[in-house]
There are 2 protein chains.
Amino acid sequence: MAEIDSGAEQPVPRKRADARRNEKTLLDAASAAFVASGVDVPVRDIAARAGVGVGTIYRHFPTRADLIVAVYRHQIEACAEAGPALLADSRTPHAALERWINLFVDFLITKHGLAAALQSDAAAFQTLHAYFLDRLVPVCDQLLDAAVAAGEIRPDLDAYGLLRGVGNLCVGAGSDPRYDARRLVQVLIAGLRLH
Amino acid sequence: MAEIDSGAEQPVPRKRADARRNEKTLLDAASAAFVASGVDVPVRDIAARAGVGVGTIYRHFPTRADLIVAVYRHQIEACAEAGPALLADSRTPHAALERWINLFVDFLITKHGLAAALQSDAAAFQTLHAYFLDRLVPVCDQLLDAAVAAGEIRPDLDAYGLLRGVGNLCVGAGSDPRYDARRLVQVLIAGLRLH
DNA sequence: CAACATACGGAACGTCGTTCCGGATACCAA
DNA sequence: TTGGTATCCGGAACGACGTTCCGTATGTTG
């Protein structure tokens, strides 16, 4: 999958200037719209914000998931990269796991509707699912393995299940002051411990 | 709120026969449609199944939530009533809580899309939310109190938060074989324990 | 059997995601 | 500079859906 064509001629002759400009404009507009109305904001609203037609959105981002991934790519990468660092810095693997999960939760609950979108099994969200899993499951797996190896937690839960569960706990967390997703995630992580 | 007019004349002169018949037909059709396509099944599908127009559905059940509540009322009642019984039968309050939560989870994950609907903050689902909370929160509260009094679990989690968290963990559980909501709920309940 | 209240059916409307294509625009070669 | 062409844009158009509305049908009652 990785392309190693540096040095050779570019088979992609570089996009038109207006196209590149629009792509950036769209990312900014989508980002603002997500903050204002959640990731479920109507496509037309994003288009209006960016001052373009809806067709332009679909040309650059074939599915809503592509747009979401593009907007949040940096933060997801940062979260993924924090995993190994936390493992090195923390006193125990379980502490690292807890801190890393907290990063993930903080990211999710500040993005209105993202956690819900993450659980959607609609075909349009396939890309979103795939990207999150590709980047985060291996990191979580590493933390989980370390904690298991240290004898701190039960060994019968995989990274996918844990991440999905944590993501689920964050659904709707931003819109109900009575619901404290952070605390429930803490309880869940506590439940991993071997008594 | 409770009406104590038994014995007095009935201000509601009893509905027309065809209306009563249609209400029952609709409940059966909705129940079948929920099983076949989840609680998100289009209203028109339910109408077609029942052999009525969509207007008839809205007349009997103003919101989708009303329909869902009507279809599952019996099961929800049964779950609520099982709480005190479990508390009496189980060896410890925590065991009763765990068994009761399992009943709730079993109910949720067999109803495609219900857990997701339960988290929706759309106005149309207000009735659904209210009914679940009215019936189940007091029961859960009772179990939780007993377990706290017995010194088994941490005292800083309320019934609302726990039920909502468990409901969240069940979102999408029926459509992803890799995701085991039951196990995650077990971990969560285990996390309640004072180590 | 009339006459009235009640309930029914499904057309119609607004919203949304998504597709499609005629026209505009950037790029490049001459 | 100028023409030609590949690329890109805008927004109309379509289908699915929830929801409302009203002319018509049907049961109920006197």
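Here Val54(A) lies in heavy-atom contact (under 4.0 Å) with a base. Using a 4.0 Å heavy-atom distance criterion, Arg64(A) is classed as a sugar-phosphate-only contact.
Heavy-atom minimum distance, Phe107(B) versus Ile76(B): CZ-CG1, 4.0 Å. The two residues Thr127(B) and Val69(B) come nearest to each other via the heavy atoms O-CG2, 4.4 Å.
Considering only side-chain N and O atoms, His60(A) lies under 4.0 angstrom from the phosphate OP1 or OP2 of dC9(D). A close approach under 4.0 Å does not occur between any side-chain nitrogen or oxygen of Asn22(B) and OP1 or OP2 of dA7(C).
Atom OH of Tyr58(B) and atom P of dC21(D) are 13 Å apart (whole Å). One interatomic measurement links the two molecules: CD of Glu23(A) to C1' of dC9(D), which rounds to 15 Å at whole-angstrom precision.
Val43(B) places a side-chain heavy atom less than 4.5 Å from the side chain of Tyr58(B).
Nearer to the 5' terminus of DNA chain C, by closest-nucleotide assignment, is the contact made by Val41(A) (compared with the other of Thr56(A) and Val41(A)). Where Gly55(A) and Pro42(B) meet DNA chain D, the nucleotide closest to each residue was compared, and Gly55(A) sits on the side nearer the 5' end.
Contacts with DNA chain C (heavy atom under 4.0 Å) in residues 123-130 of chain A: none are found.
A donor-acceptor contact closer than 3.5 angstrom is absent between the side chains of Asp28(B) and Ser31(B).
Arg59(A) contributes a side-chain N or O that forms a donor-acceptor pair with the base of dG10(D) under 3.5 Å. At a cut-off of 3.5 angstrom, the base of dT25(C) holds at least one donor-acceptor pair with the side chain of Arg16(A).
Looking at Trp100(B), its side chain never comes within 3.5 Å of a backbone N or O of Pro84(B) through a donor-acceptor pair.
Hydrophobic clustering keeps Leu162(A) apart from Val171(A) (ILVMFWY residues linked when any side-chain heavy atoms are closer than 4.5 Å, directly or through intermediates).
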